Every structure is written in structure tokens, then in C-alpha cells.
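The block underneath contains the structure these notes are about, expressed in C-alpha cells.
These numbers were taken from a predicted model, which means no experiment stands behind them.
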Amino acid sequence: MSRGTPQADYPFERATAPAGPGDRTISLSGLTVRLDGMDAAAERFVAERFRRYLLGAHAAQPDLRLTFRVDPAAPYLEPRPAGGTLSGYQMEHVVIADILYHRSVTVCAKLDLKAATGIVLRRPIDEAVELEDPIHMAVENLLRSCLAWTVLRRGGLMLHAASVVREGRCYLFFGTSNAGKSTIASICGGQVISDDLTMVMPEGGAFVAIGSPFRGTYTACEDLTGRYPIAGVYRLIKDERVFIEKRPAAIAFGDFVANLPFVVGELERQPWAWGAIEAAFGRLNVKYLHFRKDPSFWDAIAAEER
Amino acid sequence: MSGLFKLTSEFEPKGDQPQAIVKLVEGLRAKRKHQVLLGVTGSGKTFTMAKVIEAVERPTLVLSHNKTLAAQLYQEFRRFFPENAVEYFVSYYDYYQPEAYVPQSDTYIEKEATINDEIDRMRHSATRSLFERRDVVIVASVSCIYGLGSPEAYHGMMLMLEPGKTADRDEVLRKLVEIQYDRTALDLERGKFRVRGDVIEIWPSYDDLAVRVELFGDEVERVSAIDPVRGAVVKALHRIPIYPNSHYVTPRDRLLKAIEAIKLELQDRLAELEKAGKLLEAQRLHQRTMFDLEMIKEVGYCQGIENYSRHLTGRRPGEAPPTLLDYLPDDHLMILDESHVSVPQLRGMYFGDRSRKTTLVEYGFRLPSALDNRPLQFEEFEARVGQRLYVSATPGPYELERTGGEVVEQVIRPTGLMDPEIEVRPVRHQVDDLLKEIRERAGRGERTLVTTLTKRMAEELTRYYQEVGVRVQYLHSDIDTLERVAILRNLRRGEFDVLVGVNLLREGLDLPEVSLVAILDADKEGYLRSAGSLIQTCGRAARNVNGRVLMYADVMTDSMRKAIDETNRRRKIQGEYNRQHGITPETIVKAIDEVLGSVYEADYLKVPIEVREGEEVGKRPEEIEAEIATLQARMNAAAEALRFEEAAALRDRIRYLRKVLVMASA
């Protein structure tokens, strides 16, 4: 499926024309992302998806700057053969030295992590390819992927977790797909930041969850903005009994790292990232929450807090 | 709770039906594993079964020992439960010869396949109903203890989802991929599935609705049919099988593994055969297996692929194949109709199959693993079946032993007809004594059935009676179904008065015109002179008010004693009932054509299909071909309507015309 390493087989310098006139800056509680030269479809998507996070003016020194270029090349990844495939979405994500390479069928990007600037190549709209990798998937995943590393370099994390705000404080429930994040979000009865991916950032020696739009299927309340002190971090386990347990730090750390999408696969090549993750893990007292499909887990959490 | 089954009938339980129904239902509720309903012919056993099913509200499998009775039961239950799922599950080879007998003509094979498709569709419908609902009655032949026979089952390529059952999400996903579904992160399309956390949505290519599976932990929490476009739940499902996205693609690696395994077995077997000096057998086996393997590799299928089912499903040697019984929910009810025949038949199936297959294996037609494509052994059957209700006029030792001899009786006929009176006369002058009786009855327009001990005796008796001017026919076992139908019909019409045979227990012999059943040499113990057989044989005279039985015997055997006592006991109950209710029994002689309208009899009807030999002489080949096409359409229609005898007759006619065609072109 992959056609070799991205940096070797793709000449990013070839495309120079902006994809379109669309420039936007978004701010996630002060973390700013500037997207330049987007084509109309990409801009429309960004304007809608980040409606609550758009900045009127452009940040002069954004935390991340991506410049879109139009490029008439063939699909960046070969569309999959039909019949018995397990991967739902085709994407490639590699970090070599300080450069992040990301590509899906219609998008190909290179991000210099040190300079926090990157180039995004977009295929001109083409229906056949659009079906494989529609804009809302292509740009969303690109942004998640770039932000995961941008945030990490600032000591923060994008955690595969549902995040629920209760009385101004945020509870994180993490776990791989099928662990129960969406289930928790749907039964928690609180304000939900996300049921899928939550951005956490260091703040004054502790960590806060950042209001952001990276949701999975949850749509019951508006996107949240702002910063919420973290009250608890729980690894989800579906069970019949409801209770909370501590597990040895080594095990909990392993589970924690496994739930850092985009980052976990690259740790071997990016050993520096261990430091940032360990620092965050040290501050976020990770516990295991056995829960069933009802709000009784809140009682367990309340008991734990006492 | 009420109303899972909705029984539609103009009748109310009568006679001793109400008490039988109450007792059986109580027994089932008390979780008794075995119960026997001793019910005589004509007492409305099917109605009682339907009432019991209605009361206990459980999925039910009614097992019948022959396909004709199965077809009759199927029709009856369909009438009783028009709003419920009444299904028919018989082997597709029941009506037509397996392909091997068919000449190498393409169209011919296609024709057989069309028929199989229809039976196959009904079989699929039966398994499907079991997944989707609980108000299911399946009427099945012993086919239900054979491997399911669908290619999916061979390849283990079906994914079964059921709330409450354990299912690891990743396992489910892998399985979906294996059966050729594509995962998508986008819109659901036919042949694709989508995963959102613990919710899996699948849209099978063969269905208009998609399936949503909700898991919690390693358990299936809910399965529902959804509108694939709007995502709205249409209905909740009890169980759902997901069949392969493509019927014709088998997972390559699995197939290749099977091929390797078959090759290994072949190698070993060839070495064995050669060592034993069976070179011809080795040669034959090598040729055949290699040919099959080539077919499997190229087209994914070969004739008789079921013989490789062990390799294809990856079962261990000796392991039982998956059968319909495996699809029954745990709390199902099993009714064994005519249990005195069906139980021994179930027992015998495995051994019969085994001996036939052993011959095939021995002579190099098949690999030893073909032995694992087999019906269930009786013990395996027992282990898979829950609560049972045995129904018979003469329950066998097996079922009586299981219930400790306890039976629920139903011996009263709503028509008031009684079991026939039995008289025992000495053997000495049996032939002449009987002749007198026959003449007397023939004079009244009544018929006589005679059963002899041996074939030879039957032949000689027939010849003798013919010589003295009696209109008599011999019904021997080599007579095929169609001819038998004609004979029985002529007997009813009065074209002759006496029918002689060895075995009068065969179906279709319940004729209202028969007022006398004569059992020659009744005191010679044997299978057809056992108590059960005697009672059944006597029952052949129970449709006529003047029904009588003459047993010619010099000693009173235990079997005779039992049969006579039992018959007298029943007569007493029946007579009592008639007296109390002021019923005067009357022979119910349905017009022959009217009777033929019922499915049961229709199966014995020789359908006039304008077969005039020689009429095709002088016809042009195109005309004959056109006629074949017409006949083929009629045959398919007939098979679909379960008029299999008619279909078979049409089939023979088509075969004949084809031969004419071939000869004309030669």
C-alpha cells in the first residue's frame, strides 16, 4: 500500500501554487493554528468545524502554520482494493528527524516540527478520490496528526480519551477503540468536550483539558471552549461491577502511552518524546475505572475523591 | 404472556384432546425431558401438537420420518399458524437423483440445480427464521441431522451474532474481513461495515437492511436491523447470521490450506493402498482427488465438495458436522412424529451412511475423510436436543423407556370411528377361509388388505386368488411410487377388491373402503408381526365402520396378545365416548378426487401429463425443444408447490424427450 518513505518519494518543492485564497487562523485556548491558501472546500470545512475557535485576525506568530498547495498528482495513497479489507481509513504518518510526514489519499503534508511550519499538498477535487477520502476526513485527520506533535513539543498531549466537564473540572476517560469512551460520553450527564480525542496542556505545574472540536460521534452539546483543570484520569474497563482500582505504574504507563494516537507509533524514532509523556503521566494520577452502562460510575468516582 | 403463536382453526379440542393438551403442556412446564403422546390415526394429533406449541410458546422442530408426511404436516401447520413462521426443511436430494446419475448435458445439470435452489431457499428460510424470531415451527425430515450442506457452512464462513453471546470485537471484525466485507470510515454501502467504538454496522450485499451490532465488553448487547441510509432502527433481532459478501469467493488462504491438507491425506492414503496392492484403487483415487482439487482451486467448488467438508471447515477427524439442530435455541421443543419409526431411523442413519461411505473409501472413490461428512450419531443427536415429545400410535421401546412407560393418551376419534374388532382364526384353512370373507365383502363393495409373511407367499396367494376369479393385485416392494399411486387409486375406485402385500405399514394405505385386514401367519414372530406392527396393521381397517381384522394363528403370541388387548382397550374408551355423546360412527368416504385435493394424497397421485408415446414422431426438433421448455417450467412450478410426484413425472417426460432429440440428431 505504501509506496516507500514519504520524504524520499515525494518532491514537496514541485508544487508552488496556493490551493486557493482561503486563509484562516484558529485558536484553541491560546494555541493558534494558521491555515493559508486553502481551496474553497477545505476552507468551508475549516470554517464550519472550527466555528467556535476562529480568530478574526491572523496571528503573526502562530504555534502552527500550514500552507496549502494545489497539486495535480495521482492519489497520494493508492485507493484500496475492494473485498475484505480491515483498515477503515487509509493514512500514513511518519516522523523522521524533526519532520512529520503525513498523507492520505487526497492530502500529503510535511511539517517541520522545530519551525512549526508545514506544506500541505491537496489534490484538486476529483469525485472518485473524494469518495475514498472526503474533505472532512482528510483535513480533520491532517490537523489531528499535526497537532499531536505540535502539542507534544509544548509539553502537552492529545489523549485518546473522552472528556467530561463537571462543576468546572474535567474528567478524562481513556482507552483504545471499543473501551467505552462514547458510551461514557452518552451516559455521563455532564458537558462533554470530546468522546474521542482530548487535548491536555500543562499549566502552572498541573494539567488542563483544552476545549476543542475533536469529537467522534458525540453531538449532543455544543463544542466547548476554554481550559478545565483535570480532576481525574481513568482508563476504562467494561465490567458488570463498578469500582476503581490502581494498577502498578509500569502497567498504567504502558496503557497511557498506547492511547496517544499518532505519537505512539513514532516513539522509537523520537526518543525525546518519552520525557514529555513521562512528565505528564507523573502529574496525571491514572486509575482504572470498571464501569457498566449506567451513571453509577460517578458514585465510585465521588467515593474515590473522598 | 400470550400470543406468540396464533392458532387459527375452526375446531375446538374434542374427545380426549383437551386432557392430552393439558397433560403435555404441564409436563413441558415441569421440564420433563421426555413425553409420549399415544395417539391413534384420525384422532387429530397434529391439532394437539399445534395446541401444545401455542401454549408453551417455544420454537419447535417437528421431525418426520418421511418427506411425504413432512409435506403433509407442513401444510397442516401452515394452515394452523398462518401468521407464524412455519418452515420446511428437507434434503435437496430427496426428490431428484444426485447429479452423478445425470448424463453430461449442460442444460440437464442446470435443471437439477434450479430445483435444488428452491429446496435450498426453504432450508435457508428455516435457518433464518430461527435467527430472527421465536414463533417458528420447522417441519423437518432426517435431513436435520446431516451437515447443513451450504457452501458457507462448509467453509465456516458465516458470522453469527446474538445478544448475550460472547463476541470479541476484533474477532468479529477479522471474521467480517475474512468473509469479504470492506471496512469503511465513511458512508455505509452494500458489502461494507463501519466501526464506531463498540458499535459495528454491517450492510450485507444480499439484504436491503443493514445490521447494527452493539457490543459491551466482550458481549453482544443488542442486534438490530437498521435503515442503512437514515441509520434508524427498524427492528430488534434475536440472532442474525451474516453470510459472505460474495458467494463465489472463498477465502483464498483457507482454501489453499484445505487443499494442502487434502493433498497430505491423499499421499498417506495412496501409500496405504499401494502397500495393500490395491493399485487400481490408488489410481482411481489419485485421479479423482486431483481433479477435484483442480476444480476447487480454479472455481472454488467441485462436485461432491461436501466430502471434503472436514478439511474445508477445519474440523478434527470424527468431529460432528454442523447441522440444523445446532441452530435451535436452547429452549426449543422437539416433536418426533411417528416416533416408533423415526427414532430407529435416526439411530440407523449414521450406520447406513457409514457403510455406504466405507465402501466408497475402500474402493478408492473417496478419501477416508469423506467419512466425516456424515449424519449425526444417535448420541450426538440426543446431546443436541432439548425437551422431546414423541408422537405415535405405537410408541417404541426407546421412548417408553425414557418416560418410564408413561404416556399421554389420545385414542378417541372426533368422527366416532373405532379401532377394528380383531378375531383370531386357525391357520389350517386360512387361504380358503379368507377367500370366503373376501367374496362376502366384494359383494358389498368393500375391499380387503392381506398381509403375508413372505414375498413368495404373497405371489402365490395372488396367483391362486386370480385363478379362482378374485380381482386381486400384489403390491410388492419393487413397485415405484408412481405405480403404487396408480394401484392404490384403482383399489379405491373398485377396479379390484383385494390387495396383497408383505408390508402394509407403508404410507398411503389408510383407505376408507377397506373393511377387512387379514394377517396371515400372525403367530410367526418377526418385525412385521411385533405388537407395534400388528397394531399399526390393524389400524388400516380403522377408517371403515365395519372395519375388522382377522388374524390367522394357531397360538396366541405375546405380540398378538398385546395388540389385541390394546385394540380392545381403545375400543372400550372409544365406545364409551360414543355412547356418552350419542355418536353413531360413519365411514367418511371422501370423493376420490376430493381426497386427491389434499396434499397428502396428492403425493400419491399419478398426474396425467399427456404422455402419449410416439406422438413426438414427426415433430421437428424445435417443437420438441419448445415442449421441453414448457414442461420444465411446469416442473419447476410443481416442485415449488410441493407437488413433487408431478414434478418427477414431468422430469421423466423431459428426459424421454431429450432422448428422442438425441436419437433424431444421430
Measure [X] against the heavy atoms of chain B and call it side chain, backbone, both or neither at under 4.5 Å.
{"X": "Thr217(A)", "value": "side chain"}
{"X": "Thr183(A)", "value": "side chain"}
{"X": "Asp196(A)", "value": "neither"}
{"X": "Lys181(A)", "value": "neither"}

Pair Arg169(B), Ser177(A): side-chain N/O donor-acceptor within cut-off below 3.5 Å: yes
Where Phe216(B) and Phe291(A) come nearest, the two heavy atoms and their spacing: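 Looking at all heavy atoms of both residues, the shortest contact is CZ-O, 3.7 Å.
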More than 12 heavy atoms of other groups within 6.0 Å of Phe291(B) CZ: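 Counting other residues, nucleotides and ligands, CZ of Phe291(B) stays at 12 neighbours or fewer.
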Choice from Asp187(B), Leu215(B), Leu186(B), Val195(B) maximising heavy atom contacts with chain A below 4.5 Å: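 The answer is Leu186(B).
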Nearest-0.5 Å distance that lies between atom CG in Asn178(A) and atom CG in Asp218(B): 9.5 Å
Asp170(B) side, atom CG; Thr176(A) side, atom OG1 - distance, nearest 0.5 Å: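 Spacing of CG (Asp170(B)) from OG1 (Thr176(A)) equals 8.0 Å.
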Side-chain heavy-atom pair Glu219(B), Lys238(A) within 4.5 angstrom cut-off: no
